[in-house]
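Heads up: numbering here begins at 1 and tracks the sequence.
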Amino acid sequence: MSTASRLPEFAGRLTSRLPRTVDARVRRLAVASLVGQTLLVVTGGAVRLTASGLGCPTWPRCTDTSLVNTAEMGIHGFIEFGNRLLTFALAAIAVLMLVYLWNLRKERRDLFLLALGLLASIPAQAVIGGITVLTNLNPWVVGLHFLVSMALVVIATLLVNRAYGRTGRFATVLLPALPGVLRPVTAAVALFSAAAVILGVVVTGAGPHAGDADAPRNGLDWDLFSHIHAVPAYLVTAGTLFALVLVFARRIRGSFRTATVLLLAVTLLQAVIGFTQYYNGIPALLVGAHMLGAALLMSASTNAADVARSSPTK
């Protein structure tokens, strides 16, 4: 029997071993996707905050003659190339997710499309990352790179919620009825969170942490935009507090209560980090913590809005 004639038999044996329901393997990969996308934000922050943005001075190679960093490039080359390598790990997770969802691609099209979106975004992120290097870390391109990462955190959060049956058309977790006002409030909080992150990118582009000593800045007034950036952050806090007061007043329990408490905790942590770094000369370590907080905020606000949207109203 020829190799070509054996392929359908091999493919049949392979697919027979893949899940036909959303099992623990699929859920673990969904969580790995969210953790990986968040970790990418952290490593990207490390690249910028250690002035390693041009640790690999060209793209797609690390140098004109090497695909990988060399000893002569020192710690900056190691940090920058390490961030690039993480992209391949995320690609592997996304491919595995699609493979494990293959038998469910029609029945659970929601999961399949979310996983496909994560995989499709990886080469796009790589290209944007390459453009940041080739443009000598242009702050607007660097900002776009960060914002795409934020969008991927949102997609990965939705993937986790759907995989665990908390939200969506195929939800298996029983959610308590919520006051109707909580849907628009949590949706607004998610939008204000996104606005705060976008304005944070503008602030960072005007600030001192450019990723390299010779990288350009966007030329905007850093102090002015820091105050503008705070406005949607205040609105996020107000909306979250309103939702939490309503949760306790109506004695709402379950996923939405947990999501709201988590969102408030992340929001307050971000506020503390933001104020501390503002009044202490923007130390790199706190800026990195604020970037991680931005990813957590986008995930927490997406989760709250998603749970509210999937809950019945009363």
Quiz item: Any sub-3.5 Å donor-acceptor pair from Gln277's side-chain atoms to Pro283's backbone N or O?
Solution: no
Practice problem: Write down the atom of Arg25, the atom of Pro19, and the distance for their closest heavy-atom approach. | Solution: NH2-CG, 3.3 Å
Quiz item: Sub-3.5 Å donor-acceptor pair from the side chain of Asp223 to the main-chain atoms of Ser226, do we have one?
Solution: no
Exercise. Decide yes or no on side-chain contact (heavy atoms from CB on, under 4.5 Å) for Thr204 and Phe146, but give the supporting numbers first.
Key: CA-CA 11 Å; Thr204 302; Phe146 179 77; over 6 Å; no
Self-check item: Side chain His229, main chain Val202, donor-acceptor under 3.5 Å
Solution: no
Quiz item: Would you say Leu116 and Val26 are hydrophobically clustered, going by side-chain heavy atoms of ILVMFWY under 4.5 Å?
Solution: yes
Self-check item: Distance-minimising heavy-atom pair for Ser310 and Gly168
Solution: OG-N, 3.2 Å
Exercise. Assign the ring pair Tyr278 / His227 to parallel, tilted or perpendicular, where the plane angle (0 to 90°) is split at 30° and 60°.
Key: perpendicular
Quiz item: So which heavy atom on Leu119 is nearest to which on Val95, and how close?
Solution: CD1-CG2, 3.8 Å
Quiz item: What distance do Thr43 atom OG1 and Leu40 atom CG have between them, rounded to the nearest 0.5 Å?
Solution: 4.5 Å
Practice problem: Using atom types as modelled and distance alone, determine if a side-chain donor or acceptor of Arg183 lies under 3.5 Å from a backbone N or O of Gly180. | Solution: no
Exercise. Give a yes or no on whether the backbone of Ala259 and the side-chain of Asn303 come within a donor-acceptor separation of less than 3.5 Å.
Key: no
Exercise. Please answer whether the main-chain N or O of Leu158 pairs with a side-chain N or O of Asp306 as donor and acceptor at a distance below 3.5 Å.
Key: no
Practice problem: Using a cut-off of 6.0 Å, state whether more than 12 heavy atoms not belonging to Arg109 lie near its atom CZ. | Solution: no
Quiz item: How long is the gap from OG1 on Thr21 to CG on Leu104, to the nearest 0.5 Å?
Solution: 7.0 Å
Quiz item: Taking C-beta and beyond as the side chain, do Leu199 and Pro232 meet within less than 4.5 Å on heavy atoms?
Solution: yes
Self-check item: Heavy-atom closest pair, residues Gly36 and Leu86
Solution: O-CD2, 4.4 Å
Quiz item: Listed by chain and number, what are the side-chain hydrogen bond (donor to acceptor under 3.5 Å, both in side chains) partners of Asp110, not counting sequence neighbours?
Solution: Arg108
Quiz item: Can you tell me if Thr167 uses its side chain to pair, donor with acceptor, with the backbone of Val307 under 3.5 Å?
Solution: no
Practice problem: Could you go through the side-chain contact (heavy atoms from CB on, under 4.5 Å) check for Val201 and Ile198 one step at a time? | Solution: CA-CA 5 Å; Val201 166; Ile198 292 170; 5.7 Å; no
Quiz item: What residues, two or more places apart in sequence or in another chain, satisfy salt bridge (Lys or Arg N to Asp or Glu O under 4.0 Å) together with Arg166?
Solution: none
Quiz item: Transitively linked via ILVMFWY side-chain contacts under 4.5 Å: Val272 with Leu241?
Solution: no
Quiz item: Step by step, would you call Leu118 with Leu159 a side-chain contact (heavy atoms from CB on, under 4.5 Å)?
Solution: CA-CA 10 Å; Leu118 287 175; Leu159 183 63; 3.8 Å; yes
Quiz item: Backbone N or O of Arg48 within a donor-acceptor pair of the Ser52 side chain at under 3.5 Å?
Solution: no
Exercise. Look at the side-chain heavy atoms of Ile, Leu, Val, Met, Phe, Trp and Tyr, link any pair under 4.5 Å apart, and say whether Leu54 and Leu49 land in one connected group.
Key: no
Self-check item: Val153 with Val31, same ILVMFWY side-chain cluster at under 4.5 Å
Solution: yes
Quiz item: Taking all non-hydrogen atoms of both residues, which atom of Ser299 and which atom of Thr157 are closest, and how far apart?
Solution: OG-OG1, 2.9 Å
Quiz item: Are any non-hydrogen side-chain atoms of Ile131 and Leu144 less than 4.5 angstrom apart?
Solution: no
Quiz item: To the nearest 0.5 Å, what is the distance between CG (Leu244) and OG1 (Thr267)?
Solution: 10.5 Å
Quiz prompt | Sidechain-backbone polar pair: Gln37 side chain, Ser149 backbone, donor-acceptor under 3.5 Å | solution = no
Practice problem: Verify the cluster assignment for Val203 and Trp140: are they in a single hydrophobic cluster under the rule of side-chain heavy atoms below 4.5 Å apart? | Solution: yes
Quiz item: Picking from Leu134, Val141, Asn136, what satisfies side chain to side chain contact (heavy atoms under 4.5 Å, CB included) with Asn138?
Solution: Val141
Exercise. Take Phe170 and Leu111 through the side-chain contact (heavy atoms from CB on, under 4.5 Å) test and state the conclusion after the steps.
Key: CA-CA 10 Å; Phe170 301 94; Leu111 289 177; over 6 Å; no
Quiz item: About how many Å separate OG1 of Thr258 and CG of Leu263, when rounded to the nearest 0.5 Å?
Solution: 12.5 Å
Quiz item: Does Thr50 offer a backbone N or O that forms a donor-acceptor pair with the side chain of His76 under 3.5 Å?
Solution: yes
